[in-house]
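Below is one structure, written out as structure tokens; comments come after it.
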Amino acid sequence: HSFLWISVTSYFLMLRLFTSTASAGLGLRMATAVGAMAPARLAHVLYSKDHEWIRVEDETATVGITDFAQDALGEIVYVELPDVGDEFDEGETFAVVDSTKAASDVYAPITGSVVSVNETLEEDPGLVNSAAESDGWMVQLAIAKPDELESLMDADAYTAFCAESK
């Protein structure tokens with residue numbers, strides 16, 4: 001446990017140092033060091049043009065809406081999720097998010113069957129606002145067509161996509 005604590009502490013210290021030195025021109029070296037220490041799972045997060053994120057772990061994908069999407073929607077007041085066992089094709093509506101601004105469909109970024117839903121959202125739909133890309137996840141899908149992952153964006157491409165959308 002102490003090794004993990006040291007690793008996590010080192011990561012955050014490096015991150016703090018990077019953000020404080022980036023403006024002084026030292027960012028490139030620190031960015032490389034921080035990137036090398038980042039958890040491997042971060043590399044497996046992909047994004048759709050419909051503003052869903054997908055974190056791939058083995059043959060399962062955890063899916064939710066992005067921070068960009070929740071920000072555009074405003075305060076989330078209700079999330080309608082599918083049932084475990086439901087199957088969805090890529091691009092098909094799998095959930096509905098109601099906010100103070102509007103009701104919005106949430107689309108499956110890949111084809112798959114639901115193996116788990118985030119039941120916490122029934123009692124606390126605002127979790128989508130406060131932790132959209134972590135604890136505010138919506139479903140976990142068994143990946144049916146892994147090749148569909150290739151059409152999704154990595155974090156840099158998604159950031160550029162969002163900048164163009166504004």
Side-chain angles (χ1 to χ4, degrees), residues 8-9 11-20 22-23 27 30-58 60-82 88 90-112 114-143 148-166:
V8 170
T9 303
Y11 175 74
F12 285 106
L13 286 174
M14 294 288 286
L15 187 60
R16 186 178 319 155
L17 182 60
F18 169 66
T19 54
S20 65
S23 62
M30 291 307 297
T32 303
V34 170
M37 295 177 64
R41 67 178 180 83
L42 293 180
H44 299 289
V45 177
L46 301 169
Y47 301 87
S48 75
K49 291 182 179 180
D50 293 316
H51 303 287
E52 288 85 23
W53 61 267
I54 176 171
R55 184 176 61 241
V56 178
E57 297 174 47
D58 299 319
T60 304
T62 303
V63 181
I65 65 170
T66 64
D67 192 55
F68 182 90
Q70 72 78 23
D71 187 54
L73 288 169
E75 181 184 355
I76 306 294
V77 295
Y78 179 74
V79 179
E80 180 182 327
L81 296 172
F88 296 95
E90 177 185 29
E92 186 177 357
T93 299
F94 76 86
V96 177
V97 175
D98 289 338
S99 72
T100 54
K101 293 182 181 180
S104 297
D105 290 341
V106 182
Y107 305 101
I110 59 167
T111 300
V114 178
V115 295
S116 180
V117 297
N118 189 351
E119 295 176 2
T120 305
L121 298 181
E122 290 178 21
E123 296 297 318
D124 187 10
L127 196 55
V128 175
N129 292 116
S130 62
E133 296 187 34
S134 59
D135 293 338
W137 64 275
M138 295 181 177
V139 299
Q140 291 182 321
L141 300 173
I143 300 170
E148 292 175 345
L149 296 169
E150 296 173 17
S151 67
L152 300 172
M153 297 175 274
D154 65 13
D156 291 338
Y158 181 70
T159 299
F161 174 76
C162 290
E164 292 171 5
S165 299
K166 289 183 177 180

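- The closest donor-acceptor contact from the side chain of D50 to the backbone of V106 lies at 3.5 Å or more, if one exists at all.
- Of all the heavy atoms in A61 and I110, the pair that sits closest is CB-CD1, 4.0 Å.
- In this structure, L127 CG and Q70 CD are separated by 10.5 Å, a value rounded to the nearest 0.5 Å.
- If you take CD1 on I76 and OG on S130, they are separated by 10.5 Å, rounding to the nearest 0.5 Å.
- Listed here is the closest heavy atom pair of V128 and M138: CG2-CE, 4.2 Å.
- Between I54 and L141, the closest side-chain pair of non-hydrogen atoms is not below 4.5 Å.
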Let me have the donor-acceptor pairs involving side chains of residues 156-165, under 3.5 Å, with sequence neighbours excluded, atom names and distances please.
unit_1, atom_1, unit_2, atom_2, d
Y158, OH, H51, ND1, 2.6
Y158, OH, T66, OG1, 2.8
T159, OG1, A155, O, 2.9
S165, OG, F161, O, 2.9

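- Side-chain N/O atoms of T111 and E148 include a donor and acceptor closer than 3.5 Å.
- Between P82 and F94, the closest heavy-atom pair is CD-O, 3.1 Å.
- Listed by first and then second residue, the side-chain hydrogen bond (donor to acceptor under 3.5 Å, both in side chains) pairs that reach into residues 119-128 are N118-T120, sequence neighbours excluded.
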Give every donor-acceptor pair under 3.5 Å between a side-chain atom in residues 95-102 and any protein atom, sequence neighbours left out.
unit_1, atom_1, unit_2, atom_2, d
S99, OG, L73, O, 2.8
S99, OG, K101, N, 3.1
S99, OG, A102, N, 3.1
S99, OG, A102, O, 3.0
K101, NZ, A72, O, 3.4

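- For E52, the side chain to side chain donor-acceptor pair (under 3.5 Å) partners two or more places apart in sequence, or in a different chain, are S48.
- Residues A132 and W53 come closest through the heavy atom pair O-NE1, 2.9 Å.
- Partners of S151 by side-chain contact (heavy atoms from CB on, under 4.5 Å), not counting sequence neighbours, listed by chain and number: E90.
- A 4.5 Å side-chain heavy-atom check between E133 and R55 finds every atom pair outside the cut-off.
- For T60, the side-chain contact (heavy atoms from CB on, under 4.5 Å) criterion is met by V115, Q140, not counting sequence neighbours.
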